[in-house]
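Every chain is numbered from 1 and lettered A, B, ... according to where its sequence line falls, protein lines coming before strand lines.
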Amino acid sequence: MSDTLAPAIVSRPVQKGDHVFLVDGSSYIFRAYHALPPLTRKSDGLPVGAVAGFCNMLWRLLKEANEAGVKPTHLAVIFDHSATTFRNALYDKYKAQRPEPPEDLRPQFALIRQAVGAFNVPSIEMEGFEADDLIATYTKQAVAAGADVTIVASDKDLMQLIEPGVIMLDTMKGKTIGRDEVIEKFGVPPEKVVDVQALAGDSVDNIPGVPGIGVKTAAQLIETYGDLETLLARAEEIKQPKRREALIAHAEMARISMQLVTLDRDVPLDEPIDRLGVRPIIGEQLISFLKAMEFTTLTGRVAAATGVESGGVEADGALTARAREAGRAATAASLFGSQATPQQQPGFEDIGGLTPSGLAAARASAIKAIPFSHSGYETIRTEERLWAWIARATELGVVAIDTETTSLDPMQAELVGISLAVAPNEACYIPLAHRGEGDGLFTEGLLPDQLDIRVAIALLKPMLEDRAVLKVAQNLKYDWLMLARHGIDTAPFDDTMLISYVLDAGRGVHAMDPLSERWLGHKPISFDDVTGKGKARVTFDRVPIERASEYAAEDADVTLRLWQVLKPRLAAEGMSTVYETLERPMIPVLASMERRGISIDRAILSRLSGEFAQKAGALEAEIQEIAGQPFNVGSPKQLGDILFGVMGMPGGSKTATGAWATGASILEDLAEQGYELPQKILDWRQLSKLRSTYTDALPGYVHPETKRVHTSYALAATTTGRLSSSEPNLQNIPVRTEAGRKIRAAFIADPGHKLVSADYSQIELRLLAEIADIPQLKHAFAEGIDIHALTASEMFGVPVEGMPSEVRRRAKAINFGIIYGISAFGLANQLSIAREEAGAYIKRYFERFPGIRDYMEETKRICRDLGYVTTLFGRRCHYPEIASKNASIRAFNERAAINARLQGTAADIIRRAMVRVEPALEEAGLNARMLLQVHDELIFEVPEAEIEPTLALVTRVMENAPTPAVSLSVPLNVDARAADNWDEAH
DNA sequence: CCTATATCGTA
DNA sequence: GTACGATATAGGA
């Protein structure tokens, strides 16, 4: 808040005909908080719902009431100052059972007081008095001066103030409360309200009243006897014995209650009423505050009404997400072990004290201070000892777990042992299937003194499935799947890798060893040291039990400590919801998909392999013939020398390492110039690629038992929230070319089933329209208009009807470019045009869609300020190099950040759909099984008889995936179809 | 044997 | 121009 903008307070005596508005700030905060949906500031998740409700109310009061002819001459917002008032001296239990305000409301109190200042409205509070007493006193003085009073509130305790010239206005219900409404509520006119309240009491405020008497009876009694004192004096006359005795017995309580509910109209005011005169709104000051809160709609309204250009106003620097982040960054910096000193941010929680972030930091350093010791590690050899550990874990309610196996592939792996940790340095290892060190020929049998794997599983299962015991693991999906193969449905659980990913995506890797070094300052025993590496590597079942025990117990120990450090950061940094809704529930969903796998037709692939090999062989011969010498066509180095050296073709450029570049676009350019060799190289490359990466490789991934292909999805591999798929990567199965689609057709459904593919159409462009708020684009999507044609016609003035395909193609490339954070260089490459021309396209595009330029600039600024961008669902993508001094690194990070909001939001949406679809299928009694995810597409295997209802259900779940967390103004559109293979279904 | 590079498959 | 992973080649160990 800039002091220079606040004008001197002008005194304006209240006189006849004036209209004094008194806003009950404190109760309004609670009502706004409870009545309105939760709202958080986009860029940092600060809860601001009550602030928003308050600002909108105040704005309407000042503007719309004004337009309706009700013109405040004096206005103040009045707050409670502290919990203790003179009423506590009268009655120690007064308001004693008020609960603490909710966690996400607390930071909003200070913000609302700042909001009032930003509106240039006085905010009043006084030690020892409730807002109601101040309102009562101001009301009395205003009435005495002949002015009208509007009390903006709905609290029934204020109704006693209503009299001719004084009304209440409930802005949330949009109604006024006068004498008639009071009579309706209390059965008595305003001047008798306190008498009724004194008798009836109030459980909310802990006003005792008289037991057995409610509002109805009280009103009746006051109606009959006139007032409380008369009633108490003549209580003997009452006929009903119970009522009479209660009144006599509790007469004193009634009198105290009367004092409690009667508002003090003679508070010695610090701020005289004359000084509440309405002051003009200062557009810049208010906009600066609203911008810091990121209330775009209201900012726009205020800008329009005050004639201030909002673009020219800076967000209030002390209140922005950045300022708040600086406080957090200091905490995070200390968590990361840097020397930074935490700084206090005025107006926000004390970060060094008993706050979530303060506690998280304190927890982190406490954990880090505990040295590692292996002396408390135990190797479990008997049921009794295993039982003791299970009992301990169950008693504590949290246990870290790690499975040791024979393979990194959880579908192929055999369980070798399990480790548990219950506290730092308290961990155990349960060897189950260790074998001797030999070559396997003469040492086939299991080593002695190991628990039977079935016995151990049977003992562990109840604890692993116990709702009261939290299982913590690093990369739990692996262990979950391993245990699922042994019939265990592990739950509930936490995953330290995913917690780290939610907190620090883009800030380093999330594997255990680096996390341990970063957070615990400890380098764990490396896997390579235990198993050997290269040719000498042995499977884990060949590792001697003592050595394995040390390693495995330490891993569980490290995992537990990481959880202790990282879990508190989720709440402290406002990321719990992202973790709980977008990450953690994905574990069983993906593990189940991986376990199911998908069928491929090996005969098709093998035939294609032969076909591709033959054609590539023929091309290779032709290529070497034309080149005039044999060479390795697959070697870009040799190829470059042939094309640009030996044959002297033009347009050669160099790669980063100084070699000739021979990428597809360069070869295509050469082919267009009439050279025949480059096209043959391109054809050869396509065939070689398809053969080596797909037709030859895929059959090798068929599982010997399931006869299906089981990919592995990584949840924490990308910066944006997308999944990745590997071994094999089933997210890059060809589709673009004819030859490629033949490979896709080899992915088939089981007999009696079909494959269903459901994909979001143009989801990222739709999200661009939504997030950047571009009217033309939103309209186009709402109306189902061809978005690329629309872009083309906006840019080039060509009518959509009969548009040449080349024009649309260019517009399409531009649209994709926008999603990727466009550069003239990139667009020029894509369209094979000059950079100047590409630059002109971009310029024209921004002229037609200025909102997109604003969106991009805003994204860059936010990312530069905070170091990350946020998706619509709150996921953070960090770009620590966004402020690099190196212009190309900086530009790259800016483009990535622009893309991340869109790609990341799309990733969030499909994750939500994935988490919901299987329960929805189950509820509908359908037997479809989700098999694959390809970023904007889900593939299911569906019994033939259930195709139609499954298509409908999947489409509905996917299209509604954003709700209720986010409701988009742009429709999502899902295309779904069924077929015998993936090519036809897609 | 391991790693970097170039290329290319997908959204 | 974004986000990935797999492959082959090439070069240093």
Side-chain angles (χ1 to χ4, degrees), chain A residues 505-506 533-537 631-640 654-667 681-682 684-698 700-701 711-714 717-737 739-741 743-744 759-765 768 813-831 835 838-839 841-842 856 877 879 888 891-904 906-907 910 932-937 986:
Chain A
K533 53 181 189 171
K535 227 175 118 183
R537 169 159 284 173
F631 70 101
N632 185 344
V633 186
S635 162
K637 185 179 182 305
Q638 294 179 33
L639 177 66
K654 298 292 182 73
T655 66
T657 54
W660 293 110
T662 66
S665 64
I666 289 171
L667 298 185
I681 307 270
L682 286 167
W684 181 91
R685 277 191 181 161
Q686 194 203 135
L687 292 165
S688 304
K689 181 81 172 185
L690 295 180
R691 188 163 75 99
S692 68
T693 309
Y694 303 103
T695 59
D696 282 357
L698 280 173
Y701 287 102
T711 183
S712 174
Y713 289 104
T718 71
T719 311
T720 56
R722 272 193 177 180
L723 305 178
S724 77
S725 157
S726 61
E727 293 186 312
N729 179 356
L730 295 186
Q731 290 181 323
N732 71 346
I733 300 304
V735 73
R736 244 180 56 254
T737 63
R741 281 195 295 274
I743 293 168
R744 191 166 274 231
D759 69 299
Y760 287 106
S761 114
Q762 293 167 325
I763 187 168
E764 288 178 9
L765 271 180
L768 173 71
I814 292 164
N815 278 335
F816 274 98
I818 294 295
I819 292 171
Y820 298 152
I822 207 147
S823 77
F825 182 82
L827 184 64
N829 266 341
Q830 178 66 30
L831 289 175
R835 204 181 324 179
Y841 281 3
I842 295 169
M856 293 178 134
C877 312
Y879 294 91
S888 71
F892 175 79
N893 278 275
E894 289 171 350
R895 292 192 297 270
I898 287 165
N899 176 254
R901 287 178 75 185
L902 305 170
Q903 190 185 108
I910 198 165
L932 302 177
Q933 188 249 43
V934 192
H935 308 310
D936 65 357
E937 175 188 15
H986 183 71

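Here A:R741 contributes atom CZ and A:H986 contributes atom NE2; the two are 9.5 Å apart, rounded to the nearest 0.5 Å. Interatomic distance, CG of A:N899 versus CE of A:M856, reported as 9.5 Å (0.5 Å rounding).
For A:N729 against C:dG5, a side-chain-to-base donor-acceptor contact under 3.5 Å is absent.
Heavy atoms of A:E727 sit under 4.0 angstrom from primed sugar atoms or phosphate atoms, though from no base atom. Here A:A664 lies in heavy-atom contact (under 4.0 Å) with sugar-phosphate atoms only. A:A824 comes within 4.0 angstrom of nothing in the nucleic acid, heavy atoms only. Within 4.0 Å (heavy atoms only), A:Q686 reaches sugar-phosphate atoms of the nucleic acid but no base atom. Contact annotation for A:I733: backbone-only contact, meaning every heavy-atom pair under 4.0 Å involves sugar-phosphate atoms and none involves a base. Contacts of A:K533 with the nucleic acid, taken as non-hydrogen atoms under 4.0 Å apart, are absent. At a threshold of 4.0 angstrom between heavy atoms, the contacts of A:S823 include nucleobase atoms, whether or not backbone atoms are also involved. When heavy atoms are screened at a 4.0 angstrom cut-off, A:S688 is found touching no nucleic acid atom at all. At a threshold of 4.0 angstrom between heavy atoms, the contacts of A:G817 include nucleobase atoms, whether or not backbone atoms are also involved. Residue A:A536 is classed as having no contact, given no heavy-atom separation below 4.0 Å to the nucleic acid.
Between the side chain of A:Y713 and the backbone N or O of A:Q933 there is at least one donor-acceptor pair closer than 3.5 Å. Of the possible polar contacts, one joining the A:S725 side chain to the A:L730 backbone as a donor-acceptor pair under 3.5 Å is found. Side-chain atoms of A:S712 do not come within 3.5 Å of backbone N or O of A:S726 as any donor-acceptor pair.
Nearest to the side chain of A:T655, among B:dC1, B:dT7, C:dT7, sits B:dT7. Candidate nucleotides C:dT2, B:dT10, B:dT7 were compared by shortest atom distance to the side chain of A:R685, and B:dT7 ranks first. Among the nucleotides B:dT10, C:dA3, B:dC8, the one closest to any side-chain atom of A:K689 is B:dC8. The side chain of A:S635 has C:dT9 as its nearest neighbour among B:dG9, C:dA8, C:dT9. If you check B:dG9, C:dA10, C:dG5 against the side chain of A:S724, the one that comes closest is C:dG5. Comparing B:dT10, C:dA10, C:dA8 by their nearest atom to the side chain of A:S692 picks out C:dA8. Across B:dA6, C:dT2, C:dC4, the shortest atom-to-atom separation from the side chain of A:R895 is found for C:dT2. Residue A:Y820 has its side chain nearest to C:dT2 when only C:dT7, B:dT10, C:dT2 are considered. Picking from C:dT9, C:dT7, B:dG9 the nucleotide with the shortest atom distance to the side chain of A:N632 gives C:dT9. Distance from the side chain of A:A717 is smallest for C:dG5 among the nucleotides C:dG5, C:dT2, B:dG9.
Between A:Q731 and C:dA6 there is no side-chain polar atom (N or O) within less than 4.0 angstrom of OP1 or OP2. Not one side-chain nitrogen or oxygen of A:T657 sits closer than 4.0 Å to the OP1 or OP2 atom of C:dG11. Residue A:R736 places at least one side-chain N or O closer than 4.0 Å to OP1 or OP2 of B:dG9.
At least one test fails for A:K637 against the ring of A:W660: distance under 6.0 Å to the centre or angle within 45° of the axis.
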